[in-house]
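Okay, structure first, notes after.
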Amino acid sequence: MTPADLKRLQLLAELEDAEREALAPLLEPLDLAPGSVLFDEGETGEGALFLVEGEIRLASSRTSAATRVGPGTALGALSLAASGPREARAETTSRCQLLVLRRSAFRRFCDDEPRAACRLLEAILRETTRLGRAALADAGVDPLAGDD
C-alpha cells in the first residue's frame with residue numbers, strides 16, 4: 001500500500017506521508033475469506049488490525065453487544081501499547097483485506113519515528129475515548145455529569 005492508501009485508515013490519517021511511508025513496510029497484509037475468525041474474546045492482543053476492505057462482525061458474550069465495522073476501522077490498537085484480553089470476537093462477514101501491525105513492529109516504529117508513533121498513540125487514545133463515551137451514552141450514562 002502507498003502512503004496515500006494508508007491515509008484512508010482513520011488512525012493513520014494524521015501521520016505525514018513520510019511517516020506513513022516509514023510505517024508501510026511494517027504492515028503485514030492479511031486476506032481472509034468470509035466466516036474467518038480474526039480473534040476470540042479473551043485472547044491476548046498482539047497488535048492492531050486495520051480493515052482495508054470488507055466487513056467484520058464484533059460480538060461480546062460478556063455484554064451480548066454486537067456490531068459490524070467496515071473499511072478504515074482499526075481493531076485492537078490499544079494492544080500496541082499494552083497487552084490484554086480482547087474484548088470481543090471478530091469474524092469476517094465478507095472477504096476482507098487487512099493490514100496487521102504487530103507490537104514488535106510498532107516498537108521498531110517508535111525507535112525510528114518517535115514523533116509519528118506518539119501521534120499514532122494519541123489518535124488511538126482519542127478513538128478509545130470516543131468509543132467509551134459512546135458506550136456510556138448508549139447505556140444512558142452522562143460521562144460528564146457530576147456525582148450530586
Spell out, as yes or no, whether a donor-acceptor pair under 3.5 Å connects the side chain of [X] to the backbone of [Y].
X	Y	answer
Thr92	Ile56	no
Arg20	Leu12	yes
Ser36	Leu32	no
Glu41	Ser61	yes
Ser79	Ala82	no
Thr73	Val69	no
Glu127	Ile124	no
Glu113	Cys110	no
Arg89	Arg57	no

Donor-acceptor side-chain pairing of Ser94 and Glu55 below 3.5 angstrom: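 Distance-only check fails for Ser94 and Glu55.
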Below 4.5 Å, heavy atoms only, C-beta onward: do Leu51 and Cys96 meet side chain to side chain? yes
Would you sort out whether Phe106 and Leu26 count as a side chain to side chain contact (heavy atoms under 4.5 Å, CB included), showing the intermediate values? CA-CA 8 Å; Phe106 178 69; Leu26 303 176; over 6 Å; no
[atom1]/[X] to [atom2]/[Y] distance, rounded to the nearest 0.5 angstrom?
X	Y	atom1	atom2	value
Arg95	Asp31	CZ	CG	7.5 Å
Glu28	Leu98	CD	CG	12.0 Å
Leu101	Leu9	CG	CG	11.0 Å
Leu15	Glu21	CG	CD	12.5 Å

Evaluate Lys7 against Glu16 for side chain to side chain contact (heavy atoms under 4.5 Å, CB included), listing each step before the verdict. CA-CA 9 Å; Lys7 193 171 188 174; Glu16 296 173 7; over 6 Å; no
Looking at Arg103, I want to see if its CZ is surrounded by more than 12 non-hydrogen atoms of other residues, nucleotides or ligands under 6.0 Å. yes
Same cluster or not: are [X] and [Y] linked, directly or through other Ile, Leu, Val, Met, Phe, Trp or Tyr residues, by side-chain heavy atoms under 4.5 angstrom apart?
X	Y	value
Leu99	Leu49	no
Leu27	Leu75	no
Leu23	Phe50	yes
Phe109	Leu11	yes
Val52	Val100	no

Is the shortest side-chain N to carboxylate O distance from [X] to [Y] below 4.0 Å?
X	Y	value
Arg68	Glu91	no
Arg102	Glu46	no
Arg119	Glu122	no

Contact summary for [X] and [Y], nearest pair of heavy atoms:
X	Y	answer
Ser60	Ala88	N-CB, 4.3 Å
Gly47	Leu80	CA-CD2, 4.0 Å
Ala81	Leu121	CB-CD2, 4.2 Å

Decide salt bridge (Lys or Arg N to Asp or Glu O under 4.0 Å) for Glu87 and Arg62; before the verdict, give the C-alpha distance in whole Å, the side-chain angles of both, and the deciding distance to 0.1 Å. CA-CA 8 Å; Glu87 296 293 327; Arg62 187 176 48 82; 2.7 Å; yes
Taking it one step at a time, do Arg8 and Glu53 satisfy salt bridge (Lys or Arg N to Asp or Glu O under 4.0 Å)? CA-CA 11 Å; Arg8 294 187 323 226; Glu53 291 181 18; 5.7 Å; no
